[in-house]
> 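Questions regarding the structure given below will be posed in turn.
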Amino acid sequence: MLSEPRSGRLAAWGNALLAGLVSPDDAVLAIVGEDAVHRVEGLPGESAPVGLTLALGRLRTLGVTGLRVALPAPGHPLGLSGPPEFNARALEAEEAVVCHGAAFGLVPEVYEAGPEGDVHVEVVWHVLPVRQAPPADVPSLGEAERELAEALREATEVLSKLDVAGSGPVAEAAIDAYRARAERGREVLAPGYPPRAVRVLELAQRVGLLVSLAYGNGHGGAVSSAEMRARTEALRPVERTSRRAQVAAYNAYVEERERGAR
């Protein structure tokens, strides 16, 4: 979890564009990131895939006023509201964007080609109908922040006992890369998001880094099957908490707009 999900970039910068806080060119540049190109397929009124600029403008005319993120995992339909077809596609991709104001959702399909170090990545966002209902299991920002702090304390304690916390040159390099990214421009979220959402997302990324390093460093000192199970049991709820917090942060823009409209 060293990089943000594509659905997070699409939702965050799409929301900033819908709010008139960034230009279409800047939004598309941020959404595409290091990928080669993004297209949108299945957009009402279009018989072929279209570019992001056209797609975001069309979604606005179709009534979309905001974008939410879903980061589902097996047994955990985080951020989803149905129907089953959309949920299944989102679960396969492990992420999706759900429109607010119109019953559409977007699921990415990623195509990669080329040798290691020179991989060409293209992304097609498939537009599908969604059920307009509250998203599943998304906490408030306050709840997410409290859960993250507790999960980080508990996981650090358990993983330290098992000698599997991030250590060694590979882990140190990953941490250095994360810190460099975090310092670069400080644009953790797009313009328009509340400071608390930025804080929650930063903490969620740190917690996700811990999980990635713990899984990526082999078994560490957890050499027995019982110790390996203990590590997995310690990491599973932490990873779940981190995903819930990410969704809460990315969805904060829409949640704040809804509260303001009441």
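Values below: all heavy atoms of this structure, side chains included; hydrogens, waters and symmetry mates excluded. Predicted model, so just to flag it, every value in this text is computed and none were measured.
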> Taking CD in Glu92 as the centre, count heavy atoms belonging to other residues, nucleotides or ligands within less than 6.0 Å. Is the count above 12?
no

> Side chains of Tyr253 and Pro194, heavy atoms from C-beta outward: is any pair under 4.5 Å?
no

> Using a 4.5 Å cut-off on heavy atoms from C-beta on, say whether the side chain of Pro44 contacts that of Leu62.
yes

> Would you kindly confirm whether Val107 and Leu56 end up in one hydrophobic cluster when ILVMFWY residues are joined by side chain heavy atoms under 4.5 Å apart?
no

> Residues in salt bridge (Lys or Arg N to Asp or Glu O under 4.0 Å) with Arg6, at least two apart?
Asp35

> Could you pull out all residues at least two apart from Asp26 that satisfy salt bridge (Lys or Arg N to Asp or Glu O under 4.0 Å)?
none

> Transitively linked via ILVMFWY side-chain contacts under 4.5 Å: Leu128 with Val130?
yes

> Supply the atom-to-atom distance Thr241 OG1 to Gln246 CD, rounded to the nearest 0.5 angstrom.
11.5 Å

> I need the minimum non-hydrogen distance between Ala249 and Tyr193, along with the two atoms involved.
O-CE2, 3.3 Å

> Hey, does the side chain of Ser242 reach the backbone of Ala204 with a donor-acceptor pair shorter than 3.5 angstrom?
yes

> Is there a path of hydrophobic side-chain contacts, each under 4.5 Å between heavy atoms, that joins Val247 and Val198?
yes

> For Asn15 and Tyr250, does a side-chain donor sit closer than 3.5 Å to a side-chain acceptor?
no

> Please report the shortest heavy-atom distance between Asn87 and Ser81, naming the atom on each side.
OD1-N, 4.1 Å

> Glu145: which residues meet the salt bridge (Lys or Arg N to Asp or Glu O under 4.0 Å) condition with it, sequence neighbours left out?
Arg196, Arg199

> Roughly how far, to the nearest 0.5 Å, is the CG atom of Leu29 from the CZ atom of Arg9?
10.5 Å

> Are Val32 and Val119 in one and the same hydrophobic cluster, where Ile, Leu, Val, Met, Phe, Trp and Tyr link if side-chain heavy atoms are under 4.5 Å apart?
yes

> For a quick test of reading the model, state the closest non-hydrogen atom pair linking Leu203 to Ala149 and the distance between them.
CD2-N, 4.3 Å

> Suppose we screen for side chain to side chain contact (heavy atoms under 4.5 Å, CB included). Which residues come up paired with Pro129, at least two apart in sequence or across chains?
none

> May I have all residue pairs that pass side chain to side chain donor-acceptor pair (under 3.5 Å) and include part of residues 39-51, sequence neighbours excluded?
Arg39-Glu122, Glu41-His126, Glu46-Arg58

> What's the separation between atom CG in Leu17 and atom CD1 in Ile31, rounded to the nearest 0.5 Å?
7.5 Å

> Can you name the one residue among Leu10, Val121, Val123 that meets side chain to side chain contact (heavy atoms under 4.5 Å, CB included) with His38?
Val123

> If I take atom CG from residue Leu148 and atom CD from residue Gln205, how far apart are they, to the nearest 0.5 angstrom?
11.0 Å

> If you look at every heavy atom in Ala96 and Pro108, which pair is closest and at what distance?
CA-CD, 4.5 Å

> If I take atom CG from residue Leu91 and atom CZ from residue Phe86, how far apart are they, to the nearest 0.5 angstrom?
11.5 Å

> Work out which heavy atom in Ala248 is nearest to a heavy atom in Ser140; give both atom names and the distance.
CB-O, 4.3 Å

> Please lay out, stage by stage, how Leu18 and Thr65 fare under the test side chain to side chain contact (heavy atoms under 4.5 Å, CB included).
CA-CA 7 Å; Leu18 289 170; Thr65 58; 5.9 Å; no

> So, taking the atom named CZ in Arg146 and the one named CG in Leu141, what distance separates them when rounded to the nearest 0.5 Å?
10.5 Å

> Run the side-chain donor-acceptor check on residues 66-80: report pairs under 3.5 Å with partners two or more places apart or on a different chain.
unit_1 : atom_1 : unit_2 : atom_2 : d
Arg68  : NE     : Glu255 : OE2    : 2.9
Arg68  : NH2    : Glu255 : OE2    : 3.1
Arg68  : NH2    : Glu258 : OE1    : 3.1
Arg68  : NH2    : Glu258 : OE2    : 3.4
His76  : ND1    : Arg243 : NH1    : 3.4
His76  : ND1    : Arg243 : NH2    : 2.9
His76  : NE2    : Asp137 : OD2    : 2.6

> Treat each ILVMFWY residue as a node, draw an edge where side-chain heavy atoms are under 4.5 Å apart, and state whether Trp125 and Leu54 are in one component.
yes

> Which pair of heavy atoms, one from Val64 and one from Ala102, lies closest together, and at what distance?
CG2-CB, 3.8 Å

